[in-house]
Amino acid sequence: MGKKWRSDSVKTLINRSIYEKDMPKLISAMKEDNLTANITHNGIEWYHADYRITKTSIMDVWGLTAGQMERVQNYVYGHDPF
């Protein structure tokens, strides 16, 4: 079970879609958890505090599928919220 960032029930059989309107809330929750993303020439590098972490770790902790993580990364590329 991933971190809770939505206000509704997390008990579903499938992962719900993350829409553009949901991204600011997810990003805000990630920032509160001391998670940051840096856009580099090699792509996005994720950090928790000063430690570099993999996007697989983020997916596990936040309960994201590969498709949802791709949407998060696309949002980061487009908006640079960190």
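Keep in mind that what you see is a predicted model, and the values were worked out from it rather than measured. As a basis for the values below, the full set of heavy atoms in this structure was taken, side chains included, without hydrogen atoms, waters or symmetry mates. Heads up: numbering here begins at 1 and tracks the sequence.
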- Item | Under the side chain to side chain donor-acceptor pair (under 3.5 Å) test, residues paired with T54 that sit two or more places apart | S57
- Nearest-0.5 Å distance that lies between atom CD1 in I27 and atom OG1 in T36: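 Rounded to the nearest 0.5 Å, the CD1-OG1 separation comes out at 11.0 Å.
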Check [X] against [Y] and note the closest heavy-atom contact, atom names and distance.
X: L35; Y: F82; value: O-CE2, 3.3 Å
X: Y77; Y: G43; value: OH-CA, 3.4 Å
X: L64; Y: M69; value: CD1-SD, 3.9 Å
X: P81; Y: Y75; value: CG-CE2, 4.1 Å

- Query: Between the main-chain N or O of Y19 and the side-chain N or O of S17, is there a donor-acceptor pair closer than 3.5 Å?
  - Reply: no
- Message: For the backbone of P24 and the side chain of H79, can you confirm whether one donor and one acceptor N or O come within less than 3.5 Å of each other?
- Response: no
- Query: Are I44 and K55 side-chain neighbours, meaning at least one heavy-atom pair lies under 4.5 Å?
  - Reply: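 I44 does not reach K55 side chain to side chain.
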- Message: Contact between W46 and Y51 at the side-chain level, heavy atoms closer than 4.5 Å - yes or no?
- Response: no
- Message: If we check side chain to side chain contact (heavy atoms under 4.5 Å, CB included) with S28, which of these qualifies: M30, E32, K31, K25?
- Response: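 With S28 as partner, side chain to side chain contact (heavy atoms under 4.5 Å, CB included) holds for just one option, E32.
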- Task: State whether a side-chain donor-acceptor pair under 3.5 Å links E45 with Y47.
- Result: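 Looking only at side-chain atoms, Y47 and E45 do form a donor-acceptor pair, the distance falling under 3.5 Å.
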- Message: I'd like to know whether L26 forms a side chain to side chain contact (heavy atoms under 4.5 Å, CB included) with I18, so could you lay out the CA-CA distance, the side-chain angles of the two residues, the decisive distance to 0.1 Å, and finally the verdict.
- Response: CA-CA 9 Å; L26 174 59; I18 300 175; 4.2 Å; yes
- Message: The test is side chain to side chain contact (heavy atoms under 4.5 Å, CB included); show your working for Q68 and M59 and say whether it passes.
- Response: CA-CA 9 Å; Q68 290 171 329; M59 291 167 50; over 6 Å; no
- Message: Evaluate Q73 against V76 for side chain to side chain contact (heavy atoms under 4.5 Å, CB included), listing each step before the verdict.
- Response: CA-CA 5 Å; Q73 290 194 132; V76 170; 5.5 Å; no
